[in-house]
Structures are given as structure tokens and as C-alpha cells.
Amino acid sequence: MKFKGLILVSLGACSYGILSTLVVLAYRAGFSLSDVIGSQTVLGAFLLWLFVVLGAAMRKKRLAWPSRKQTLMMLLTGTTTGLTGLLYYASLQHLSPALGVVLFLQFTWMGVAINAVVTRRMPPVMTLISVFVILVGTVLATGLLNNGSISFHWSGVALGLCAALSNAIRVYVSGALAVKTDPMMRSAIMVTGGAILTSIVVPPTFLLDLSTFQSLFLSYGLPLAFFGSFFGMWMFAKGTPLIGTSLATIVSSMQLPVTILLSVTVLHLPLEFIQLVGVVVILMGVAIAELKIKTNKYNSKRSLV
């Protein structure tokens with residue numbers, strides 16, 4: 001079961017790795033932040049609820065709703081889904097993409113730290129080694145060591161670190177909240193929470209313009225909703241309870257190699273040898289984390305409610 005969870009979380013991480021390329025392409029096409037975030041969360045929530053209802057109809061069963069307390073907690077914690085995107089995209093207004101990615105990937109050690117604080121247990125040595133290797137690989141993969149002209153703004157750094165913390169909380173909660181609830185239902189409720197938050201902060205005005213909605217939906221809206229809110233969220237909801245939040249946070253770094261691959265093949269950005277080395281180092285870090293499955297039982301199943 002833990003190997004299955006590892007595969008599911010890896011697929012979810014790869015799904016999230018596709019998003020940055022889609023966002024860049026959407027910006028190049030003239031769409032705004034509200035268009036990008038709105039399509040990812042609002043359309044994603046609609047897509048999830050559609051599959052929840054269709055799934056119940058096909059099984060000829062009534063919807064199995066969680067308790068009122070669980071639903072409220074999932075809505076509240078689901079706001080981290082939208083908050084992560086808002087903070088990360090805001091940070092990129094002040095930072096270079098390379099430095100922005102480095103800051104965002106800090107959620108690997110933040111997730112391990114959150115798990116250690118909540119469980120009141122020190123992470124195993126292999127977990128700490130894995131996190132260190134992944135962070136080294138992240139710096140190499142983004143090419144920071146070969147770029148001496150990196151500039152940053154302290155507000156951008158703060159936003160990037162807050163985005164990393166929000167993402168770490170999202171990964172943690174996806175495996176610790178209402179674990180007995182159907183993963184599709186859980187994903188739908190949490191993404192709805194994210195959609196509510198983003199709609200308040202950056203209203204999805206594209207819903208009021210038919211031409212903008214049609215062009216956005218048929219080009220980038222549906223892919224953003226599918227990879228960002230539907231498939232990725234669903235994979236994390238199914239896989240994280242099987243392997244534990246600490247390991248899920250580490251495996252989430254798999255999104256960076258996917259991002260770099262698409263940046264080169266789709267966006268035609270340059271790729272240096274040092275970046276390839278970084279990708280290999282990241283994969284090594286993930287492999288070290290996978291060994292943890294056989295060596296200890298640190299990541300145990302649990303439920304917040």
C-alpha cells in the first residue's frame with residue numbers, strides 16, 4: 001500500500017510541475033492573474049464536484065457526506081490551495097523565476113518540521129539526509145550557482161517563503177484530515193475552499209465575459225483546472241494517507257524536474273549541464289526518502305478529525 005501511495009503522490013507532484021509552464025503560456029497569451037488563478041480553482045472545483053456526483057450516480061449510491069465539523073475544517077484548510085498560488089505568483093513579481101523556485105521548494109523541510117512538531121518526534125536520519133540532498137539538488141537545478149546577477153526584493157522573499165509554508169500545510173493536511181472520507185469528495189471540498197478565497201482576493205471576472213471565458217477555457221483554463229485542482233489534488237488526497245505527510249512532502253519535490261523539462265521543451269529556455277546534475281541529485285534525494293518505507297514506520301496513518 002505504501003508503494004501505491006508513493007506512486008500516487010509522485011503523479012500528483014508531476015501534475016503540479018506542469019502548472020508553471022501553463023501559467024507562463026497563459027500570461028504570454030494575455031491572460032491576467034485573476035484569469036489564471038480563477039480558472040485553476042473555480043473550474044477545478046466544478047470539475048471535482050461533477051465527478052463526485054457522476055461517481056455516485058454510476059454506483060447508484062447516495063453521496064457520503066462527511067460530518068459538519070469535517071466539512072468546515074476541510075473548507076478552511078482548503079484555502080491553502082488558493083493561498084499558495086496567490087503568494088507564489090505574487091513573489092514572482094519581485095524575484096527571478098530561479099530564485100522563486102528555490103524559495104518555494106523550501107516546503108520540503110518545512111513539511112518535515114511541521115510533522116515533527118505535531119507528532120513531537122524527531123525525524124529519522126534518512127529523512128534529514130533526504131531533505132538536505134533535495135535542497136542541494138534544487139539549488140543546482142535552478143542554475144543559481146551559474147548566475148551572478150540574481151536580484152531579489154525582501155518582500156518577494158517573504159512572499160516566496162510564505163507560499164512554501166502554505167504548500168507544506170496543504171500537503172500535511174491532505175493526509176491528516178478526514179482520511180476516511182472519499183478522496184474525490186475530500187478534494188472537492190478543499191478546492192472549493194481555495195476557490196472561495198481566490199474569488200474574494202482576485203474575483204474571477206472572466207466568468208462575466210463570455211468571449212474571455214471561451215478563449216480561456218478552451219486554451220489554458222481546462223488544463224490548469226485539471227492538473228492543478230483535479231488530478232494533482234486527487235492524487236495527493238489518495239496517496240498521502242498511505243505514506244504519511246513527511247514522506248509525501250519530500251516526494252513532492254518531483255515537480256521541479258518536470259518543470260525544468262517543460263521549460264526546455266515547451267518554453268525553449270536554455271538548460272545547462274549543472275541543472276541536469278541538479279535534477280539527478282533531486283531524484284537521488286527522493287530515492288533516499290523511498291528507502292525510509294522499508295527501514296522505519298515513522299509515517300503512520302492518522303486523522304485530525
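From a predicted model like this one, the values you see are computed outputs, not experimental measurements. Because only heavy atoms are used, hydrogens play no part in the values below, and waters and symmetry mates are left out as well, while side chains stay in.
Listed for the Thr79 side chain is no donor-acceptor partner under 3.5 Å among the backbone atoms of Gly193. With Ser199 contributing its side chain and Ile196 its backbone, the two residues share no donor-acceptor pair below 3.5 Å. Formation of a donor-acceptor pair under 3.5 Å by the Ser67 side chain with backbone atoms of Gln70 is found in this model.
Contact annotation: the side chain of Tyr220 never approaches that of Ser39 to less than 4.5 Å [non-hydrogen atoms, C-beta and beyond]. Taking 4.5 Å as the limit, every side-chain heavy atom of Leu224 sits out of range of all side-chain heavy atoms of Phe31. In this structure, the side chains of Thr81 and Thr198 stay at 4.5 Å or more apart for every pair of heavy atoms. Considering only heavy atoms from C-beta on, Asp35 comes within 4.5 Å of Ser32 through its side chain. Here the side chains of Tyr16 and Thr259 are not in contact, with every heavy-atom distance at 4.5 Å or above. In this structure the side chain of Arg28 reaches within 4.5 angstrom of the side chain of Leu267, judged on heavy atoms. Here the side chains of Leu43 and Leu222 are not in contact, with every heavy-atom distance at 4.5 Å or above. Here the side chains of Met190 and Leu75 are not in contact, with every heavy-atom distance at 4.5 Å or above.
The distance from the CG atom of Leu54 to the CZ atom of Arg59 is 10.5 Å, given to the nearest 0.5 Å. The distance from the CG atom of Leu165 to the CD atom of Gln106 is 12.0 Å, given to the nearest 0.5 Å. To the nearest 0.5 Å, the span separating CG on Leu197 from OG1 on Thr192 amounts to 12.5 Å. The distance from the OG atom of Ser15 to the CE atom of Met233 is 12.0 Å, given to the nearest 0.5 Å. To the nearest 0.5 Å, atoms CZ (Arg186) and OG1 (Thr77) are separated by 10.0 Å. Leu87 CG to Leu161 CG: the interatomic distance, rounded to the nearest 0.5 Å, is 10.5 Å.
In terms of heavy-atom proximity, Ala168 sits nearest to Met110 at CB-CB, 3.9 Å. The two atoms that bring Met185 and Pro66 nearest to each other are CG-CD, 4.1 Å, heavy atoms only. Contact between Val251 and Ser10 at its shortest, heavy atoms only, is CG1-OG, 3.3 Å. Contact record, Gly85 with Ile37: C-CD1, 4.0 Å, taken as the closest heavy-atom pair. Ala225 and Gly44 make their closest contact through CB-N, 3.5 Å (heavy atoms, listed as atom of the first residue, atom of the second, distance). Shortest non-hydrogen contact noted between Val23 and Val36 is CG2-CG1, 3.7 Å.
Taken together through direct or relayed side-chain contacts under 4.5 Å among Ile, Leu, Val, Met, Phe, Trp and Tyr, Leu261 and Val264 form parts of separate hydrophobic clusters. Linking ILVMFWY residues whenever their side-chain heavy atoms come closer than 4.5 Å, directly or via other members, places Met184 and Leu63 in the same cluster. Ile7 and Phe227 fall within the same hydrophobic cluster, where Ile, Leu, Val, Met, Phe, Trp and Tyr residues are linked whenever their side-chain heavy atoms come under 4.5 Å apart, directly or through other members. Following chains of ILVMFWY side-chain contacts shorter than 4.5 Å, one cannot reach Val52 starting from Phe46, and the two form parts of different hydrophobic clusters. The hydrophobic clustering, which links ILVMFWY residues whose side-chain heavy atoms are closer than 4.5 Å, places Phe236 and Leu76 apart.
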Would you be so kind as to tabulate the donor-acceptor pairs closer than 3.5 Å made by side chains of residues 203-213, with sequence neighbours excluded?
unit_1 : atom_1 : unit_2 : atom_2 : d
Asp209 : OD1    : Ser211 : N      : 3.2
Asp209 : OD1    : Ser211 : OG     : 2.7
Asp209 : OD1    : Thr212 : N      : 3.3
Asp209 : OD2    : Thr212 : OG1    : 3.2

*Can you check side-chain contact (heavy atoms from CB on, under 4.5 Å) on Leu8 and Ile243, steps first, answer last?*
CA-CA 10 Å; Leu8 293 174; Ile243 64 175; over 6 Å; no
*Any chance you could lay out the side-chain contact (heavy atoms from CB on, under 4.5 Å) test for Leu19 and Gln40, step after step, and finish with the verdict?*
CA-CA 9 Å; Leu19 295 179; Gln40 179 175 324; 4.0 Å; yes
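Between Phe231 and Phe226, the ring-plane angle classifies as parallel under the 30° and 60° cut-offs.
Among Leu128, Ile129, Thr127, the one residue that satisfies the side-chain contact (heavy atoms from CB on, under 4.5 Å) test with Val125 is Ile129.
If you check the side chains of Trp234 and Ser229, you find no donor sitting under 3.5 Å from an acceptor.
Shown here are the side-chain hydrogen bond (donor to acceptor under 3.5 Å, both in side chains) partners of Ser166, two or more places apart in sequence or in another chain: Thr84.
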